[in-house]
Structures are given as C-alpha cells and as structure tokens.
Number of protein chains: 2
Amino acid sequence: MLSKKTKYGIKALTYLAKQETGVPVSIATISEMENISLKFLETILLTLRKSGLLGSKKGKSGGYYLLKDAKEIKMSTVIRVLEGPIAMVPCVSLNYYEKCSDCPDEAACAVHHLMIRVRDSNLKVYGETSLADLMHY
Amino acid sequence: MLSKKTKYGIKALTYLAKQETGVPVSIATISEMENISLKFLETILLTLRKSGLLGSKKGKSGGYYLLKDAKEIKMSTVIRVLEGPIAMVPCVSLNYYEKCSDCPDEAACAVHHLMIRVRDSNLKVYGETSLADLMHY
DNA sequence: TATTACCCTACTAAATCTATAGGAGTAAAA
DNA sequence: TTTTACTCCTATAGATTTAGTAGGGTAATA
C-alpha cells in the first residue's frame, strides 16, 4: 500500500507545479484545495523541502514553491524521499542494500530474483515519469 | 516493503516445487530448510491451502504439496493471496476497487494515474513469472 | 492405540502510520 | 511598532498492521 504521506506529498507537488513558478503557496491553501489535514501536510512539505525538492518563504505571503522545473522532478526521487527505497526487499535495493538475515544465499533465493524484476519494472516507471507528466490531469 | 509472510510463503512454495510431485513435506522440514519460524509458517501454509494452491495430508508422513504444476502457479496469484491487492491504492485495483475518500475526481488525480502505470507494470511481472521460473535458482 | 502431523483461534509485543499539539521564529503590512 | 500571517520543529498519542506465539483440537497411520 502507498502511504498517505506519499499520496498527499505527490498531490501537493502537482498542485505546486500548476502554479506560477516561484510564487509561494501557503500550506493552508494546498491543504484546502487537496483535502489534506493541515498539520500532517506541514510535516510532509517540511520533508520535501529538506530533501531539496521544495523551497520555502517564511512570514506573511510566504509558502512553498518548486525549486526545479516539473520536468526535472522524477517520481523515483519523490518516492524515495517520501516512501523510502523503491525495492521491496533490502537485498535488491540499489541505494540501501542490506543482506537478509534469514537468507544464506541470495543467488539461490527465489524471492531475491523475483524482487529484482519488480524493482527494475518499478524503477522504469518512476524514472520515466516526471511531475510534468502528471500535472495536467 | 514485502511482508515476511509473503517472503516466507514464496520460499515455501519454491521448496515444495523442487520436491517430487504429490509427496507431502512436513511444515517442520520446510521450516528448517528455509529458516522460517515453525508456527508462523504453519499459518502461512494454512492460508495457501485455503486459497487452493496447496493440498495437505494429515497424520504420520503427512505434510503439504503443490496442487498444480509449478508452471501453472503465477506469482500474481501468490502475491494476491499472501500480500493482498497488487495495486498500491484501492482506486486502481482491478479486483478490489474502492473510491478514495479524499479524492473528488479520479480522472484529475495525479496519484491515480501514476499508480495505474505502476499497477500495470507490476501486473506484467507477476503475471509473466511462474513458480517454475523461480524454482531453479 | 500411540504417535505424528496438520487444523484453528486467539492473543501479544513491536513497529509503523496518521495524524495532532504547541510553541518558536520570521517577514510583511497596518 | 504592533499585529497578522506564515513557516519551522519536536514531541507525542491513537490506530493499525506485522510478526510471531500459545495451546489445544483433529485426523491419519504405523
């Protein structure tokens, strides 16, 4: 299952992508427009800013805005920031590899090989899809 | 993340696929060979039997065995039984569709469209991969 | 009839998810 | 200069899910 955090994060990003570039949008506005709990959204946008996807302006008429062109924001990046590794098991993760404790031999593990296929397939989708591809729906 | 339940279930299935067809293998044997907690495995195999993938024989020299040829067991079935719907959001699930409460218009939802791509890509992998494809690793 | 092994329900500890609370800090407008 | 409208940040709490465990029941077979 996709977490609400990721879901809301993607919705917020697409909302920002549709605005004039560089103009900050307040959390409250996004919260209302996308039906997202304000305080929850606050923490999500904070995460996105810390990851370098969003910029923010403090004080009156402040808010969040995209730091890059929507075309440059790949969903693989967004998913990694909000949802974590794209791989479904650590032993096939490219960025966060970890050996499975229960598995003596990866090369002989059926789950390992299946999950490599799944990872590659998902990586292709997330890598080929940018915010620009989603913002006009 | 893939749940341990699914991971262990796939391991158990591939172990059974490697045995002589129709000969029951005890839970204890699979548990030892694949490093899986016996009691946990018990509930997993029960689920697989109830779903129609496994048969069982009670009493001495009893155990579990595959009901179908490994080629006929697609991973899409296995995943659905153990992990649940393949779709990451209910609003793109073919078998368990549900409307998202927070989303007024699916056609206008970026997450919806992204998750359709992900679902199709995963469905392809799981549909094209059978137990027979994994058992010889 | 003793033993072996599956059958089944219920329970629990730990982790994760989904928020919420409450204030500190900042910038612009009145 | 005071007020207002924002973001920033940490902590916490309730709900849900996960990963197992406990313990007895039931059927088959040697």
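Here is how names work: the chains are called A, B, and so on, in the same order as the sequence lines, proteins then strands, and each is numbered from 1. These numbers come from a predicted model, not from an experiment.
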*Can you tell me how far CD1 of B/I36 sits from CD1 of B/I27, rounded to the nearest 0.5 angstrom?*
11.0 Å
_Heavy-atom donor-acceptor pair, A/T29 side chain to A/V25 backbone, under 3.5 Å_ = no
*Stepwise side-chain hydrogen bond (donor to acceptor under 3.5 Å, both in side chains) check, B/S3 with B/E83*: CA-CA 7 Å; B/S3 69; B/E83 193 79 3; 2.8 Å; yes
_Candidates D/dC8, D/dT10, D/dA30 - which lies nearest the side chain of A/R49_ = D/dC8
_Residue-phosphate contact under 4.0 Å: B/K57 side-chain N/O, D/dT29 OP1/OP2_ = yes
*Distance check: side-chain N/O of B/Y65 vs OP1/OP2 of C/dC6, anything under 4.0 Å?*
no
*Nearest to the side chain of B/S37, which nucleotide is it out of C/dA27, D/dG20, D/dC9?*
D/dG20
*Hey, which of these two, A/K60 or A/S56, hits DNA chain D nearer its 5' end, going by closest nucleotide?*
A/K60
_Taking B/L41 as the starting point, is it possible to reach B/V78 by hopping between hydrophobic residues whose side chains are less than 4.5 Å apart?_
yes
*Output yes when a side-chain donor or acceptor of A/D102 lies under 3.5 Å from a complementary backbone atom of B/N35, and no otherwise.*
no
*Quickly work out the B/K39 NZ to C/dA10 P distance and round it to whole Å.*
15 Å
*Between B/F40 and B/Y8, what is the ring plane arrangement, given parallel below 30°, perpendicular above 60°, and tilted in between?*
perpendicular
*So which one's nearest nucleotide on DNA chain C is more toward 5', A/G59 or A/L38?*
A/L38
_Which is more 5' along DNA chain C, the nucleotide nearest A/T43 or the one nearest B/Y64? Just name the residue._
B/Y64
*Measure from the side-chain N and O atoms of A/H112 to the backbone N and O of A/A107, and report whether any donor-acceptor pair falls under 3.5 Å.*
no
*asked:* Rounded to the nearest 0.5 Å, what separates atom NZ in B/K7 from atom CE in A/M115?
replied: 10.5 Å
*When all nucleic acid strands are considered with a 4.0 Å heavy-atom cut-off, which category describes B/K7: base, sugar-phosphate, or nothing?*
nothing
_Can you tell me whether the side chain of B/E42 and the base of C/dC6 have a donor-acceptor pair closer than 3.5 Å?_
no
*Got a sec? Which of residues 19-33 of chain A come in under 4.0 Å of DNA chain C, heavy atoms?*
none
*asked:* Distance check needed: C/dA5 C1' versus B/L45 CG, whole Å only.
replied: 12 Å
*Could you state the atom-to-atom distance from CD1 of A/I36 to C1' of C/dT20 in whole Å?*
16 Å
*Nearest of D/dC9, C/dC7, C/dT4 to any side-chain atom of B/K58?*
C/dC7
*Calculate the interatomic distance between B/L48 atom CG and C/dC6 atom P; express it in whole Å.*
14 Å
*Base, backbone or nothing for each nucleotide of nucleotides 13-18 of chain C, written B, S, -, heavy atoms under 4.0 angstrom, 5' to 3'?*
-----S
*asked:* One pair to check against side chain to side chain contact (heavy atoms under 4.5 Å, CB included): A/T14 and B/V111. What are the steps and the verdict?
replied: CA-CA 9 Å; A/T14 49; B/V111 177; over 6 Å; no
